[in-house]
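Notes follow once the structure below has been shown.
Order of the sequence lines fixes the chain letters, A, B, ..., with proteins taken first and strands second; residue numbering starts at 1 for each chain. Since this is a predicted model, take the numbers as computed values, not measurements.
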Number of protein chains: 2
Amino acid sequence: MNAPVSNLPLHQQIHQDIEQQIRSGILSPGDKIPFEHELMETYGCSRMTVNKALSRLTTSGLIERRKRAGSFVRLPKLDSTVLDIPDIEAEILARGETYGFELLHRSVHRADTPDECELAGIGGQVLFLRGLHLASGRPLVVEERLINLETVPAALTVDFTDQSPGHWLLEVVPWTQVESQISAINATDDIAAWLQGDKGMACLEVERRTWRGYERITTVTQIYDGARYSFTARFDHD
Amino acid sequence: MNAPVSNLPLHQQIHQDIEQQIRSGILSPGDKIPFEHELMETYGCSRMTVNKALSRLTTSGLIERRKRAGSFVRLPKLDSTVLDIPDIEAEILARGETYGFELLHRSVHRADTPDECELAGIGGQVLFLRGLHLASGRPLVVEERLINLETVPAALTVDFTDQSPGHWLLEVVPWTQVESQISAINATDDIAAWLQGDKGMACLEVERRTWRGYERITTVTQIYDGARYSFTARFDHD
DNA sequence: TGAACGTTAATGTATAGACATTATACTTGG
DNA sequence: CCAAGTATAATGTCTATACATTAACGTTCA
């Protein structure tokens, strides 16, 4: 009686073996991977099974395949990384602190600034909200949000006095595309007051626009207390 | 004579059709996708072809499949985005500015700080470099880099006086894993002097550690002039 | 009613074979 | 020697079939 080699399906096993060899450096960029018919022999399986494994490695960008020539390890992407821009509430709770939201300002008006028109079209209705995210009672983030009432009219009837609009939006209108911009700014008087910090302190500013299909949903600018917050990201090659 | 419906392979066509329906909102999270045998009829093809399309939608996280029940559109990930941390040289050139690198400091020593030991092991040799990335002759980024000489001994023999070590490393030892941390800091006296800015100005600080397999390659801290730089990212659902 | 059990309809995996496509390698003619 | 044409070996796609796995469904029995 033989112990089972693995409980994984064979195509996953093959995929994983090759990926492991690339990540460990046994196979370097440019190196050749065995032909499909060679892997068929090695694993004692059909070509479709090998092909499934190699196809997935191709779509995930780890290898490159050329007819007649064979399959080769690709050069890694020049440089890019996956960044989690977290749900602030979840993030604060995960730190073991208590979460709170405080609404500072709310207004409804017709789009007139370029930014508002880009969101809701000329003359479209937008909802403007400014609020604070509190960690253990202390302000950590101030956010200013525009919501497109053409696409999310329900936002008008919701009470955001102590509920984060980001969280609500995510449940009601999940986005399909996001665009983010991260920069560093010095706190203005207003920001310093809201975050209970000093004027001029370094803050992370995140501006994010979201879409559902081709319709704009919301634009949010979040300003983080730079001394108390940073983004981290871990990225495995692809 | 019929015009060809599409020149894409059928499984890609099916994949794309369904993805399009999800992104446009025709199909919402939780909605059911037709059974494989229904799609076979719709597209007049075999089950393996339909299966290939649906399997890829599964691995990319767009749909979820349950035996006996069927396939369903998944809720989008809570929040995460792909951030390009660019190759600085390429980025500056892309802006239409000229690129330059200027070495400020170079030294070789045995690892003694905790950070250096984490990189090269206790007593391992490390190469320390400090340099400026110049855009059109003006400093845009100051970087401090530690290179693990245990894994990249060749770095000792390279002249970095006007060549960016990041660029060189990428070609010689491509990484397989990266960890990044982005935060906002106020410029110290030193930083202000290097970047020819004012003390206290907001800067983006990016700390990045890279691995090849399980071996550490380098740690770099890059400080960007906050007034002249920001990261942008665009993210399509997965 | 409701808990246990067998049935069945869906997905998951794999096979063997076929033909299409294409870059490489080889051959031939100038 | 080089250019053009041809053969070939690899990947890309697709089919028809088979059996495994699993969760929903229906039925039976306490």
query: With a distance cut-off below 6.0 Å to the six-membered ring centre and an angular limit of 45° from the axis, does B:R216 pair with B:W211 as a cation-pi contact?
result: yes
Are a donor atom and an acceptor atom from the side chains of [X] and [Y] found within less than 3.5 Å of each other?
X      : Y      : answer
B:S71  : B:R65  : yes
B:Y224 : B:Q222 : yes
A:Q181 : B:T232 : no

Residues [X], [Y]: salt bridge by 4.0 Å N-O rule:
X      : Y      : answer
A:R47  : A:E36  : yes
B:D159 : B:R106 : no
A:R95  : A:E91  : no

- request: Let me know, please, whether A:H37 or B:K52 comes out on the 5' side of the other along DNA chain D by nearest nucleotide.
  value: A:H37
Which listed nucleotide ([options]) is nearest to the side chain of [X]?
X     : options                : answer
B:M48 : D:dC14, C:dT13, D:dA24 : C:dT13
B:R47 : D:dA18, D:dT13, C:dA14 : D:dA18
A:Q12 : D:dA24, C:dT13, D:dG12 : C:dT13
B:F35 : C:dT13, C:dA10, D:dC14 : C:dA10
B:K67 : D:dC14, D:dT11, C:dT11 : C:dT11

How many whole angstroms separate atom [atom1] of [X] from atom [atom2] of [N]?
X     : N      : atom1 : atom2 : value
A:H15 : C:dA14 : NE2   : C1'   : 18 Å
A:I63 : D:dA10 : CD1   : P     : 16 Å
B:E36 : D:dT15 : CD    : C1'   : 15 Å
B:N51 : D:dT15 : CG    : P     : 12 Å
A:E64 : D:dA10 : CD    : P     : 18 Å
B:I14 : D:dT15 : CD1   : C1'   : 13 Å
B:L10 : D:dA16 : CG    : P     : 12 Å
A:E38 : D:dA9  : CD    : P     : 14 Å

- prompt: 5'-most contact on DNA chain C: A:S46 or B:S55, nearest heavy atom basis?
  reply: B:S55
query: Has the side chain of A:R66 got a donor or acceptor atom sitting under 3.5 Å from an opposite partner on the base of D:dG12?
result: no
- prompt: OP1, OP2 of C:dT13 versus side-chain N and O of A:T49: anything below 4.0 Å?
  reply: no
- request: Check whether any side-chain N or O of B:R65 sits under 4.0 Å from OP1 or OP2 of C:dG12, and answer yes or no.
  value: yes
task: Treat primed atoms plus P, OP1 and OP2 as sugar-phosphate and everything else as base, then score nucleotides 3-8 of chain C 5' to 3': B for base contact with protein heavy atoms under 4.0 Å, S for sugar-phosphate contact only, - for none.
output: -----B
- prompt: Under 4.0 angstrom, heavy atoms only, what part of the nucleic acid is B:L54 near: base, sugar-phosphate, or nothing?
  reply: nothing
message: Looking only at the aromatic ring of each residue, does the gap between the centers of B:F101 and B:F160 stay below 6.0 angstrom?
response: no
